[in-house]
Structure formats: structure tokens, C-alpha cells
**Q** 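My questions all concern the structure below.
Note that ligands are numbered from 1 as they come in the structure, with each ligand's atoms numbered from 1 the same way. Below, all heavy atoms of this structure are taken into account, side chains as well, without hydrogens, waters or symmetry copies.
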Amino acid sequence: LKDSFIETISLSNPINAVLLASGRGSNAKALLEYCRSEENLKSQNPWNICLIITDNPNAGIISIAKDFGVHCEVVEYPKGTKENAVERREQYSASLIKTLKINEAEITFAICAGFMKILTSSFLDYFKESHIELSRVINIHPSLLPSFPGAHAYEDAFAYGVAVSGATTHFVDEKIDNGPIIAQSIFNRSPSDTLGSFKAKGLSQEHPLFVKTLKIIQNNKLRFIEQPQNSRLVVQIIEDENEN
Ligand code: GAR
């Protein structure tokens, strides 16, 4: 095996980010709250969510964006048939990139918070790191990846009968719910859990996990190691010496 290499990612100051969301927006709200916090504002690389994009004109995120004074654009997904699905996906990425360019400052990060559309490589290329095979695009997924990828992770994990489940934050690559894992959080399913209580347990863990992920990134605690045996980039989190 060839030697692994260790790389980090480049951060702008502030980290101007676009947030993509399709629905209720509870994760987005937790991140916007963190952005306002003193901890973030005093950080060396404060997060600045300067634009929100949703594909859903009825999404809860629209009023949340208003409450936080962040510009929100509705970019609807083009309608069509199965036959032109690939073309529509490309069209949508082009519309997203066009929307990013309306922002005055350069947007260097994308955060998917309950965004239910697949991003293409042309969108990912917009956020590509120059020195490693990685885009500055992150996502939260409601399962312990690589188990239960896809759009119905809580339902799928619950129906499968897992004893333990959780949430995962990860970098986004061309494959669905596949990129390097940043952080995970777990919870136990109890015998009395219904799908509703199982989802509620998970969601209450998603919000702090996502905020923790933003902190890991802004504090430059991420290192990437190439794993030659499966060609994966694996994330290592550098811990503070005085943390233990
Ligand atoms: C969250 O559970 C998030 O993990 C999930 O959608 C929900 C959005 O809730 N995302 C996915 O399933 C992505 N594959 P929110 O709008 O309240 O943040």
C-alpha cells in the first residue's frame, strides 16, 4: 500500500455559505442560530450563511430565512419525464450556480440541510478544492451511513428493526450519501418507540451534530487521509491536546 497523505481544506474568512433546504428547515434554523452566536462570530473563520436556496415554494425554510434576515431564493426543479431526468438534473445545477453568482461575496461552501435533490458534478465542481478530490459541500443524513442511504432513512431503519440508529454529517460527492464522513451521533431504539418517537429522537440529535460539524470545520480540525485500499478519502478529526 502506498503511503497515505494528509490534507486539509481551504477556508475563506468569513466562510460564506449557501444553505440548501427543501422542507421544514429545523436543521437550517439550528445552523442560523449558531451563526448568530458569539462563539461563531468570535471564531477565526466565522460561518456566514449569506444565501438560502430551496426547491420548494412552500418550504418552512422560507419564513425561517425571513426571520433571520437571510435572502432566500426559490429555484424550482424543472418538470419533465423519466427520459429527460439526467438533462433536468444538469439544468437544475446550472440554475443553482447562476443563483450563487447573484451574491455579492464569493460563496465558498454549500450546506445541505434537508435538501432532497441530487447535486451533479458540475455543482460540486463549483466548490472543488484545488489540491484534493473533494468539494466544500456538506450534508446531514438521518442514519448511520453507510446504512440506509436515500430519501427515507428514518422509515427504512425503523422498518428494518435496528436497535441503534443515528445521524451522519458528511462531504457530498457524486454518489448518493457516500462522501467522507465527518461526524456521527447515535441513539438507541427502545421497545416502546413508534416511528414518530424514533424520528423525534433522531432529529434532536441532528441539530447539535450539525452545529458540531460547523465548529470542526471552522476550527480547522479536519484532516483527510487517502485510503488506497478502497480509494476513499477518510476524515480524521484533530483533537485539542487540552480537551482530555
Ligand atoms: C432531516 O431529518 C434531514 O436529516 C433529512 O431531512 C430532514 C429535514 O428536516 N435529510 C435527508 O433525508 C437527506 N437525505 P429539516 O427540514 O427540519 O431540517
**Q** Would you mind checking which non-hydrogen protein atom is closest to atom 6 (O) of ligand 1, with the distance to 0.1 Å?
**A** G114 CA, 3.8 Å
**Q** Assert yes or no for the condition that the ring centre distance of Y34 to F210 is strictly below 6.0 Å.
**A**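 Centroid separation for Y34 and F210: 6.0 Å or greater.
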**Q** Out of N178, V172, D177, which one pairs with K175 under the side chain to side chain contact (heavy atoms under 4.5 Å, CB included) rule?
**A**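 Considering N178, V172, D177, a side chain to side chain contact (heavy atoms under 4.5 Å, CB included) with K175 is found only for N178.
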**Q** Would you check whether G150 reaches within less than 4.0 Å of ligand 1, judged by its heavy atoms?
**A**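 Yes.
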**Q** Could you work out the complete set of other residues in the hydrophobic cluster of L144, with links drawn between I, L, V, M, F, W and Y side chains under 4.5 Å apart?
**A** V164, I186
**Q** I want to check something: taking the side chain as every heavy atom from C-beta on, are V235 and I181 in contact at a cut-off of under 4.5 Å?
**A** no
**Q** Would you please indicate yes or no on a ring centroid separation below 6.0 angstrom for F127 and F109?
**A** no
**Q** Which atoms of ligand 1 sit under 4.0 Å from any heavy atom of H141?
**A** 14 (N)
**Q** Any non-hydrogen atom of G25 lying under 4.0 Å from ligand 1?
**A**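 Yes, G25 has a heavy atom closer than 4.0 Å to ligand 1.
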**Q** Is the Lys NZ or Arg CZ of K117 less than 6.0 Å from the centre of Y77's six-membered ring, within 45° of the axis?
**A**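 Here K117 passes the 6.0 Å and 45° test against Y77.
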**Q** So for ligand 1, is S26 a polar contact partner (N or O within less than 3.5 Å, distance only)?
**A** yes
**Q** Can you say whether the rings of F115 and Y92 are parallel (under 30°), tilted (30 to 60°) or perpendicular (over 60°)?
**A**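 F115 vs Y92 ring planes: parallel.
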**Q** Work out whether the distance between some heavy atom of M116 and some atom of ligand 1 is less than 4.0 Å.
**A**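 Heavy atoms of M116 do come under 4.0 Å of ligand 1.
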**Q** Starting from atom 12 (O) of ligand 1, find the nearest protein heavy-atom neighbour and note its residue, name and distance.
**A**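 Protein heavy atom with the smallest distance to atom 12 (O) of ligand 1: P142 CD, 3.4 Å.
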**Q** Short N/O distance, under 3.5 Å, between R24 and ligand 1?
**A**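 Yes, at least one N or O pair falls under 3.5 Å.
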**Q** Just jot down the ligand 1 atoms closer than 4.0 angstrom to any heavy atom of E206, in number order.
**A** 1 (C), 2 (O), 3 (C), 4 (O)
